[in-house]
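All chains are named by letter (A, B, ...) in the order of the sequence lines, taking the proteins before the strands, and each is independently numbered beginning at 1. Every value quoted in this text rests on a predicted model; they were computed, and no experiment measured them.
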There are 2 protein chains.
Amino acid sequence: MTASIRIGELAARTGVSVRSLRYYEEQGLLTSLRSPSGHRRYLESQAERIVFIQRLFSAGLSSRTIVDLLPCVESPSADTSEAALERMRQERDRLDRHIEDLIRTRAVLDELIAANRAHRSQLARA
Amino acid sequence: MTASIRIGELAARTGVSVRSLRYYEEQGLLTSLRSPSGHRRYLESQAERIVFIQRLFSAGLSSRTIVDLLPCVESPSADTSEAALERMRQERDRLDRHIEDLIRTRAVLDELIAANRAHRSQLARA
DNA sequence: ACTGAACCTCACACGGACGTGAGGTAGGAA
DNA sequence: TTCCTACCTCACGTCCGTGTGAGGTTCAGT
């Protein structure tokens, strides 16, 4: 329960660079305690939060947007503002549209691959 | 059949900025003929190519990668190099993995939204 | 011929997540 | 104590698609 994980260790566990962890903190995505000498100390539980943040980044959310959502993630409790929840829904819908678009793009690529393959096998017979 | 579309018109048709069209040309994604005075002239058929390029950009491909793929798109014919086709398959697979990841992320968001909603309605009864 | 819009070529700015290096302190094993 | 590694804080660099402005030419309508 004591915050005992050092930044290097956390980076190793999550696969996120030390630089990025400091950046997340700077952006308000992550908090850390400090040892008397000023070194960051983390709780075990921070790891999953970081993985989640990574997930949101790769879904195209900005750090600013993630900050807005996090209250909703941390405490699905009383103080979860309606605004945060609405923001979450917005991002969910945006993501949904993006997925649909990517699926169409994938289909186009599949068609192109098929067309090339067809032409190729036609050549092979000639 | 004569290349008669001007860049502003093409931008309007495709929803891509004039700046971006020039950039695409600079990156080798697009070609243009020039009027005697040096103004770009495009074929009608360029429009769909541009839409496709946009599609690839939004799927996270870099202009460099797109350049590698385009031979495969333009002419699914003899000179379609095996390398280009292989590159296309790679990008298809990368996209596939990304879509899977996004779908998982969407599921997580859905869970969070549901959790918050549940808590909210619980409060309403109190 | 005049005028305003559209075009041209540089070329610098930006946003955002992260890399990287400088210059320095802390921690722990030999 | 020595020495190596991990940590700290600036702060500048990078990538890349795109915006933007300067300074100039061309086109089309009147």
**Study point:** Protein-nucleotide distance (B:Tyr23, atom OH; C:dA11, atom P), rounded to Å
**Key:** 18 Å

Point to revise | Lys/Arg N to Asp/Glu carboxylate O, B:Asp96 vs B:Arg92, below 4.0 Å | key: yes

Review point. Does CD belonging to A:Glu100 count more than 12 external heavy atoms closer than 6.0 Å?
Key: yes

Check your understanding: Do other residues, nucleotides or ligands put more than 12 heavy atoms under 6.0 Å from the CZ atom of A:Arg64?
Key -> no

Point to revise | Close side-chain approach of A:Ile7 to A:His39, heavy-atom, < 4.5 Å | key: no

**Study point:** Proximal nucleotide (of C:dA6, C:dG27, C:dA17) relative to the A:Ser37 side chain
**Key:** C:dG27

Check your understanding: Got a salt bridge between B:Glu26 and B:Arg22, using NZ or NE/NH1/NH2 to carboxylate O under 4.0 Å?
Key -> no

Point to revise | Outermost DNA chain D nucleotides near chain B [under 4.0 Å, heavy atoms] | key: D:dC16 to D:dC27

Review point. End-to-end bend of the helix from C:dA1-D:dT30 to C:dA30-D:dT1 (five-pair axes, 10° rounding)?
Key: 0°

Check your understanding: Do A:Glu25 and A:Ser32 get their side chains close enough for a donor-acceptor pair, meaning under 3.5 Å?
Key -> yes

Exercise for review: Send over the distance from A:Arg34 CZ to C:dA26 P, rounded to a whole Å.
Suggested key: 14 Å

**Study point:** C:dA17 OP1/OP2 closer than 4.0 Å to side-chain N/O of A:Tyr24
**Key:** no

**Study point:** Length of the line joining A:Arg64:CZ and C:dG15:P, which is rounded to integer Å
**Key:** 14 Å

**Study point:** Nucleotide C:dG27, atom P - distance to CD1 of A:Ile5 in whole Å
**Key:** 18 Å

Check your understanding: Where each residue is assigned the nucleotide of DNA chain C containing its nearest heavy atom, which of B:Arg41 and A:Arg6 is assigned the position nearer the 5′ end?
Key -> B:Arg41

Check your understanding: Hey, is B:Arg106 close enough to B:Asp110 for a salt bridge, meaning N to O under 4.0 Å?
Key -> no

Exercise for review: Have a look at B:Ser62 and say if it touches a base, only the backbone sugar-phosphate, or nothing, with a 4.0 Å heavy-atom cut-off.
Suggested key: sugar-phosphate

Point to revise | Whole angstrom value for the distance that separates P of C:dA17 from CZ of A:Arg22 | key: 18 Å

Exercise for review: Starting at atom CZ of A:Phe57, determine the distance to atom P of C:dG15, rounded to an integer number of angstrom.
Suggested key: 17 Å

Point to revise | For DNA chain C, the residues among residues 10-20 of chain A that have a non-hydrogen atom under 4.0 Å from it | key: A:Ser17, A:Arg19, A:Ser20

